[in-house]
2 protein chains.
Amino acid sequence: MTTKRGSKGANGTKRMLDVLGALRERISRHELPPGSKLLEAELSAEFSVSRACIRDVFGVLSQRGLIRRIPQRGAVVERLDLSQVFEVYEVREALEGLCARLATIKMAPESWQDLVDLFGKPIEDDIERGDLEAYIVKLELLRRRTIEGAHNPVLADMIDNIQDRTRAIIRRIIVLPGRARIGLEEHRAVLRAMRQGDADAAEAAKRANIRSGAAYLKRYESFVL
Amino acid sequence: MTTKRGSKGANGTKRMLDVLGALRERISRHELPPGSKLLEAELSAEFSVSRACIRDVFGVLSQRGLIRRIPQRGAVVERLDLSQVFEVYEVREALEGLCARLATIKMAPESWQDLVDLFGKPIEDDIERGDLEAYIVKLELLRRRTIEGAHNPVLADMIDNIQDRTRAIIRRIIVLPGRARIGLEEHRAVLRAMRQGDADAAEAAKRANIRSGAAYLKRYESFVL
DNA sequence: AATAACATTCTTGCCAACATGATTGTTGAT
DNA sequence: ATCAACAATCATGTTGGCAAGAATGTTATT
């Protein structure tokens, strides 16, 4: 008396994408912190999908640099050491600088006005109140809108990949002494340039913003990592 | 009387990487041209590996944008339409510009002298003779050396990914009327800046070189795609 | 000839079983 | 207590089998 074998029907790809998204989220938020062990059989049971599906997900996650697969031992969430963080930041600077440039070129200057407004008094209030979660929500909106405005899916995917790897670190940088206020001024400079349709200035400002974050990280590295 | 089942032992990962490398090569050289169908069972037989191994490879290839998996129908080699080519070129400009900058910063200026020499008379001879294969070998050497000099594995992987997608197009651009000579001058400008340790100039020259290639593509698009 | 209904084919997605090899645990000898 | 030898455990990598659903092919009807 053996159980039926075979496919669970359509939507295999959807299931795989759901699992992938869930694991990406957990890894990037450090809910699955670096060093965590991931087992095919456990995840297969947890998500009610086949082991084959999990292996698919692992393939993607490893290609995105989020996990390392260890033959016969499972997979482990990658840990970025300090030098790797700076390597990722170098790439982040180039890609997000390009993103700001493309968004400025491809979108009408007026389309950024709502964000310019949002980054005025409302976000000042967030920082005054110490409500960094609200601040971060606004940063994420800016980031999303810039990516959308760039109209370049290849770039978007790469930036998302970088984001998956650095999200937890970025949060740690934002809470460092004085960082939120400095970061805000930098974001405003980016938005000003975009609002004026100045692609060179937007790119330069965004690159400066990323470098500034990296410098903050370097200054406080013993507190962050 | 059933055949034995089970693992073929160690080296599963190595087998997978070998197959992955082989398919990346075929796809990037258009030996498997865009639109080609890839079937798990066929490749499994061809490479003498399990279907699961091929599925692993497919996962990586699809994440790298080289193939698209179609549920129940196999996978197909992605075709870049013109707008996608330009999207990739935008990203390529940013990444290779960064690469030139980092290589200039991180390597001693003298370390580029052999390449400066190589891009003197020897490569002139290549172009005079119409020996574009030899020219391309030298370009590949420059590219490799720049990536190595940048000492950033994240960046290297991304640039390789872009290269996989654009390699065949790049070859088509190089043979366009007058392109090789113009390209050579641009590469020389990059090398000059690197030799002088001028990272800003190196980045700008490399970006200009990529943009120039894209402009050539736009001018001759009906001949290339 | 065109269309609808049905059958067949094709390939993936899934399940179960098992081989492999690395790691951990247990036992016996010194 | 320490070390070596052996056994057990663990998790992946592979194989064979099969369900599912989409596409293609065949047949019947108008």
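Keep in mind that this is a model prediction, so the values were computed, not measured. By convention in this document, chain letters (A, B, ...) are assigned in the order of the sequence lines, proteins followed by strands, and residues within each chain are numbered from 1.
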[atom1] of [X] to [atom2] of [Y]: how many Å apart, nearest 0.5 Å?
{"X": "B/Tyr216", "Y": "B/Ile173", "atom1": "OH", "atom2": "CD1", "answer": "10.5 Å"}
{"X": "B/Glu96", "Y": "B/Asn209", "atom1": "CD", "atom2": "CG", "answer": "8.0 Å"}
{"X": "A/Ile136", "Y": "A/Arg167", "atom1": "CD1", "atom2": "CZ", "answer": "9.5 Å"}
{"X": "A/Leu61", "Y": "A/Arg68", "atom1": "CG", "atom2": "CZ", "answer": "14.0 Å"}

If we ignore angles and hydrogens, is there a donor and acceptor under 3.5 Å between the side chains of A/Tyr89 and A/Arg92?
-> yes
Over how many whole Å does the gap from [X] atom [atom1] to [N] atom [atom2] extend?
{"X": "A/Leu38", "N": "D/dT12", "atom1": "CG", "atom2": "P", "value": "10 Å"}
{"X": "B/Ile67", "N": "C/dT12", "atom1": "CD1", "atom2": "P", "value": "10 Å"}
{"X": "A/Lys37", "N": "D/dT12", "atom1": "NZ", "atom2": "C1'", "value": "11 Å"}
{"X": "A/Asp56", "N": "C/dC14", "atom1": "CG", "atom2": "C1'", "value": "12 Å"}
{"X": "A/Ile70", "N": "C/dT23", "atom1": "CD1", "atom2": "C1'", "value": "12 Å"}
{"X": "B/Arg15", "N": "D/dG13", "atom1": "CZ", "atom2": "P", "value": "10 Å"}
{"X": "A/Phe47", "N": "C/dC14", "atom1": "CZ", "atom2": "P", "value": "14 Å"}
{"X": "B/Glu40", "N": "D/dT15", "atom1": "CD", "atom2": "C1'", "value": "14 Å"}

Proximity to DNA chain D (any heavy atom under 4.0 Å), residues of residues 19-27 of chain A only = none
The nucleotide from C/dG13, D/dT15, C/dC14 with an atom nearest the side chain of B/Ala52 is D/dT15
Respond yes when some side-chain nitrogen or oxygen of B/Arg55 is under 4.0 Å from OP1 or OP2 of D/dG13, and no when none is.
-> no
Closer than 4.0 Å, any side-chain N/O of B/Arg69 to the OP1 or OP2 of C/dT11?
-> no
Is any side-chain N or O of B/Arg73 under 3.5 Å from a base N or O of C/dC10, one able to act as donor and the other as acceptor?
-> yes
When only distance counts, do a donor and an acceptor, one from the side chain of A/Arg51 and one from the base of D/dG13, lie under 3.5 Å apart?
-> yes
Evaluate the criterion side-chain hydrogen bond (donor to acceptor under 3.5 Å, both in side chains) for residue pair B/Ser212 and B/Arg179; output intermediate values, then yes/no.
-> CA-CA 9 Å; B/Ser212 163; B/Arg179 178 61 200 162; 2.7 Å; yes
5'-most contact on DNA chain C: B/Leu39 or A/Ser50, nearest heavy atom basis?
-> B/Leu39
Short N-O contact, B/Arg207 and B/Glu90, less than 4.0 angstrom = no
